[in-house]
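Have a look at the structure below before the remarks.
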Amino acid sequence: MIKNKLIEKSLIISFQIVAVYILFRQGMLLGWLRVAIANRLDKICGLKLSKQIQAPLFECLICMSSVWTIILTFSFDIRLMLLVCGMNTIISIILDQEYHTSK
């Protein structure tokens, strides 16, 4: 029963992360904020470090797993982060396939 709760929790978190990821895409509700943050980070940190900071915040669905799991749960649960990462990896593959077949 405990494992089912963990899987349910990780699914909910994964879907929340996917929502954040999509909201920050170009043309979406927070796309303008993504550009503003990226430009500011580029000026402050330089391009290389800026990309490394952006990835777990809103650029890479898989990278977002750890940071956003901690933010959304206010805890550091490795098992939960790994489950969310696995789910986000699967979702990322599906989204990439959908993107490439729609072109």
Side-chain angles (χ1 to χ4, degrees):
M1 193 64 148
I2 293 173
K3 290 181 181 178
N4 289 340
K5 288 283 187 187
L6 188 63
I7 291 171
E8 179 183 339
K9 188 175 184 178
S10 62
L11 265 173
I12 291 168
I13 293 169
S14 182
F15 289 148
Q16 290 172 326
I17 293 169
V18 171
V20 170
Y21 176 76
I22 291 173
L23 284 172
F24 274 91
R25 299 289 91 208
Q26 183 178 354
M28 295 299 186
L29 184 64
L30 298 176
W32 65 272
L33 184 58
R34 176 180 154 259
V35 172
I37 292 170
N39 288 339
R40 188 74 173 151
L41 285 171
D42 289 349
K43 289 179 185 175
I44 295 171
C45 306
L47 290 175
K48 187 174 182 180
L49 184 58
S50 174
K51 290 292 180 193
Q52 292 174 344
I53 294 170
Q54 292 174 51
L57 293 179
F58 49 74
E59 280 294 323
C60 172
L61 193 55
I62 299 165
C63 302
M64 292 170 69
S65 301
S66 57
V67 171
W68 283 97
T69 299
I70 293 169
I71 291 170
L72 293 170
T73 63
F74 300 107
S75 67
F76 189 85
D77 185 346
I78 295 292
R79 290 184 316 154
L80 183 61
M81 284 190 284
L82 290 173
L83 275 170
V84 171
C85 184
M87 290 178 191
N88 282 1
T89 300
I90 294 168
I91 293 169
S92 180
I93 291 168
I94 292 168
L95 288 176
D96 285 345
Q97 286 177 349
E98 184 66 30
Y99 174 77
H100 292 299
T101 57
S102 67
K103 279 190 161 186

Taken in chain and number order and not counting sequence neighbours, the residues that satisfy side-chain hydrogen bond (donor to acceptor under 3.5 Å, both in side chains) with D77 are none
Please list all pairs meeting ring pair (Phe, Tyr, Trp, His ring centres under 6.0 Å) that have one or both residues in residues 72-98, counting only residues at least two apart or in different chains. none
If you round to the nearest 0.5 Å, how far is CD of Q52 from SG of C60? 12.5 Å
Test side-chain hydrogen bond (donor to acceptor under 3.5 Å, both in side chains) applied to S66 - qualifying residues, sequence neighbours left out: none
Heavy atoms only: give me the nearest L57-M64 pair and the separation to one decimal. O-CE, 3.6 Å
Honestly curious: do L41 and L49 fall in one hydrophobic cluster under the side-chain, below-4.5 Å linking rule? yes
Rounded distance (nearest 0.5 Å) linking atom CG of L72 with atom NZ of K9: 10.5 Å
List, one per line, each side-chain donor-acceptor pair under 3.5 Å for residues 15-39, sequence neighbours excluded.
residue : atom : partner : partner atom : Å
R25     : NE   : Y21     : O            : 3.3
R25     : NH2  : F58     : O            : 3.0
W32     : NE1  : L29     : O            : 3.2
R34     : NE   : E59     : OE2          : 2.6
R34     : NH2  : E59     : OE2          : 3.2
N39     : ND2  : V35     : O            : 3.3

Please say yes or no: joined through hydrophobic side-chain contacts below 4.5 Å, possibly via intermediate residues, are L6 and V84 part of one cluster? yes
Kindly list each side-chain donor-acceptor pair under 3.5 angstrom involving residues 85-95, sequence neighbours excluded, with atom names and distances?
residue : atom : partner : partner atom : Å
N88     : OD1  : S14     : OG           : 2.4
N88     : ND2  : L61     : O            : 3.2
N88     : ND2  : S65     : OG           : 3.0
T89     : OG1  : C85     : O            : 2.7

Minimum heavy-atom distance between C45 and S50, given as atom pair plus value: CB-N, 4.2 Å
Out of curiosity, C63 SG to Q54 CD, how far, rounded to the nearest 0.5 Å? 11.5 Å
Once salt bridge (Lys or Arg N to Asp or Glu O under 4.0 Å) is applied, what residue pairs with a partner in residues 43-56 remain, sequence neighbours excluded? none
For the atom pair CD1 (I13) and CD (E8), what is the distance rounded to the nearest 0.5 Å? 11.0 Å
